[in-house]
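Remember, predicted model here, so these are calculated numbers, not experimental data.
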Amino acid sequence: MVQSKSSGHAKAYFSESLVRSDYYLSGQDQEISGRLQGKLAERLGLAGPVTKEVFFDLCENINPTTGGALTPITKHDRTVGYDINFHCPKSVSIIQALSPDNHIQEAFQEAVRQTMLDIENDAKTRVRKDGIVDERQTSELLWADFTHLTARPVEGHTPDPHLHMHCFVMNATWDAEEQQVKAVQFRDIKRDMPFYQSRFHKRLADNLIDLGYQIQRTDKSFELTGVPENVIDLFSKRTDEIGRVAEAKGITNPDELGALGARTRAKKQKGLTMAELKDDWKRQISELGKTSEKDGKQILRYAPVQDKEAPSPQRCVDHAIEHGFERASVAQDRRLLAEGYRHSLGHRSVSLDEITSAFAADERLIHVTDAGRTLTTTKTVLREEQHMVNLARQGLGKLKPLYAQAPELTLEGQQADAVTHVLTTTNRVSIIRGAAGSGKTTLMKEAIGQMEKAGKTVTVVAPTAQASRGVLRDEGFDKAETVSLLLSDPRRQDALKGQVLWVDEAGLLGNADMTALLELANKQNARLILGGDTRQHSAVVRGDALRILNTVAGIKTAEVNKIYRQRDTDYRAAVEDLAKGNVASGFGRLDDIGFIENVDPLKPHQGLVHTYADVLQRGKSALVVSPTHEQSDAITNSIRTKLKEGGLLGQREIQAKRYTNLNLTAAERADWRNFKPGHKVQFNQNVPGFKRGSLWQVKSSTKEGVEVVDEHDQMMRLPLDKANYFDVLRQSEIALAKGDKVRITRNGFDMNGNRLSNGQLLDVVKVSKNGPILLRNETSKVEYTLKQDFGHIAHSYCVTSHASQGKTVDEVLLWQPAATFPGTDAKQFYVSVSRGRDRARIFTDDKDELLNYAKRLGDRQSALELVASHDQTREHIQHRIREELNRTPAKADKGNAITKAPRVKDRDYEPKF
């Protein structure tokens, strides 16, 4: 969905790309006349073939029928409309191009038509009258659709077949209540594009199945079974061309990719007829040859067969729920539905309406409508959060303080206050919220020393191996371990009886681990101290647990906001603003001291790369941070090129194995369709027939199951019902030379048995063609020896904001072009900026828009907050939570909002909000 911001742009687009597109070389049989569609088109008497005059009038906000203004307001820079693009999978385009009739084209056009009716039904307009600020459903649109049969040609080649349609939606709708044409409110439509896309893919797939084709689902959509992959690759020249340029420029944003496509458009070539094009496509396939005997004999079209393996509509909903709520407590209903629709691709017997109805009737779900969208959680998630909150509250006032009065401390100010709090509290659970760089480690040492003087043993853990075995051990906490190890080791748990458990980086705990720690503390009568920062990143899995305990459970928090990491006064003041949530003020301070730099679009990486090399040459430590993996990889390539040119990397370079975790949810890992031959599967726990840590390769994936083989060619069937016990990886290569900086991407051991932690940063000391790789920890000077096929390694020149959390360097460089803005929010920006001691440099191509995105909170809403946030009074909602979720009172302090034990009836919890 691409915005057209001026009438001139829209008219030029019409002339150059819609009706006379230069992807069509010549010949009227290549072009299909556009048509005006929609209820508003019918209302205005415009439905039918589109003409240049009518389209241009609409672009100028003129009613072509009357010659008057179409909508009440006409501005020079008004949004004229949006171009919604519908694309066929490449295999479908190929078969359409070689077919003697238009049966596929008609199936495609019908899928587009129905989906555009979905979009039209959701159309709204703004209401700004008599002091009312609202939106009104209109369900009327006007659009011009244009069917295209080929892709833009790559220089030196004829265009590839590519069946697609542009639906240019004008910024006009009919407000029946005000009896006039008004501008459309497109925000919700654009937000819901993944929902419409899933419905379009499902309709197209079902239509093709009706025509006798079989469907094979892919990562993004589907392909027709029987079209060889090498033929698909053959006719992806334009995609490959844009991909190569995009990779070189570090572009991933869909809007920027569209603009890149326009800039790389090939020149007009000598005209060909459709018959000539088809002959050329057949020639290319013939010259490609058969890849196998199977490919040569594969039949593309089948008689319709009974769909015996189809998932039920309820199973599609189950999958959507399992997938959607693994990493979030609250999800938009349409994102869940989109996943349910996608799960049904290839199964004609399961309809969109059946999945939608099953979703609406599912009694596990709670729906709350707010600001034009419906947000959803589950009763299970709500009970989980309520249980966690109650566990924390059960410890209020239950313990004798370690000190009646705080002992004399070496610390002062907020740090002293925080230590005093944990030494004198009567609560089982304490929270210390420390801003990045505020000296949390220093106060930990002081507090733990005083606790040990009081006769207590303090166990220190952290959610990640890098935070525990890396950062904490480097800071002197020699026995620090991971939360997962503690929760899996009964001996360590027994040692907590009557003692103290200190969790560092507790903001990274999800609901499940936090609940387990609370249960453990209660069982062992132990004190639980949670140190972290709710303004930094939270867990990848479901739940912002630390924030919920603070804001919902009301657990008292000791605040440590004074920052010591930044040596420069102005830099420190900016970070302090960000730590307090004052993003605009912090951003302004950074800009005032010259830390924000606009990049040259033609040389986007140049300034950052030069700065990075300069920092290293001055003997300082540096880290580049970017919100997305794609941008991290792009900037890494540019940095390595610069370092090689400057002689900072060794001349000898090897290609080692690299495994990239696909980060599939458990629901995705349980679906055979998400496995491809060549994928790697690594086990995290022992499963019958599979040893923990063992690595297997996918040989085949069918509805009968996923076959995998190990290094000894032993073949096994992958236990998809144990999806929580393994990860799915993609294998590639990584270039390594002496001087490279790398990051370990999975816990493991080197060739000498030395432990390696996920996230650990190391320097490459030595590489050889056939020998091991020698790495060194720059701080501790410990060396590690890796085999070239170790695999779990990546360059660390640029890391994501999540990976940077807990790290400190002299200078941090932020790479934040527009392509990263979807991954930008206040947490990401604060964490990234605060890594440096001396300096932070932010490189962007849109300073103003970066600020707009950086101001987004980034907090994931909890189920409790969702239910309590509705426009009915908070007291009324909380009363309903108490009445419907809890029946057994628990002791608690006066004034606490939620005070009862987590017993709940599954019936009757569907608030009619």
Name all residues meeting the side-chain contact (heavy atoms from CB on, under 4.5 Å) criterion together with [X]; count only those two or more places apart in sequence or in a different chain, and write none if there are none.
X: His792; value: Tyr659, Gln682, Leu729, Thr745, Arg746, Phe790
X: Ala667; value: His319, Glu322, His323, Thr665
X: Glu711; value: none

Could you list the residues that satisfy side chain to side chain donor-acceptor pair (under 3.5 Å) with [X], not counting sequence neighbours?
X: Asn754; value: Asp750
X: Ser357; value: none
X: Gln655; value: none

* Looking only at atom types and distance, does a side-chain atom of Ser286 sit under 3.5 Å from a main-chain N or O of Lys282, one as donor and one as acceptor? -> no

* Heavy-atom donor-acceptor pair, Ser236 side chain to Ile232 backbone, under 3.5 Å -> yes

* Asked: Say you draw a straight line from CG of Leu520 to CG of Asp513; how long is it, rounded to the nearest 0.5 Å?
  -> 11.5 Å

* Quick one: pull up CG in Leu163 and CD1 in Ile104 and give me the separation to the nearest 0.5 Å. =>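 Spacing of CG (Leu163) from CD1 (Ile104) equals 8.5 Å.
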
* **Verdict with supporting geometry, Arg469 and Glu481, salt bridge (Lys or Arg N to Asp or Glu O under 4.0 Å)** => CA-CA 6 Å; Arg469 299 169 190 146; Glu481 274 296 351; 3.0 Å; yes

Please verify the inter-ring angle class for [X] with [Y]; under 30° counts as parallel, over 60° as perpendicular, anything in between as tilted.
X: Phe235; Y: Trp281; value: perpendicular
X: Phe200; Y: Phe108; value: perpendicular
X: His164; Y: His87; value: parallel

* Any side-chain heavy-atom pair of Leu485 and Val461 under 4.5 Å ->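 Contact flag for Leu485/Val461 side chains = no.
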
* Asked: Do Tyr725 and Arg692 have side-chain atoms, one donor and one acceptor, less than 3.5 Å apart?
  ->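 No.
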
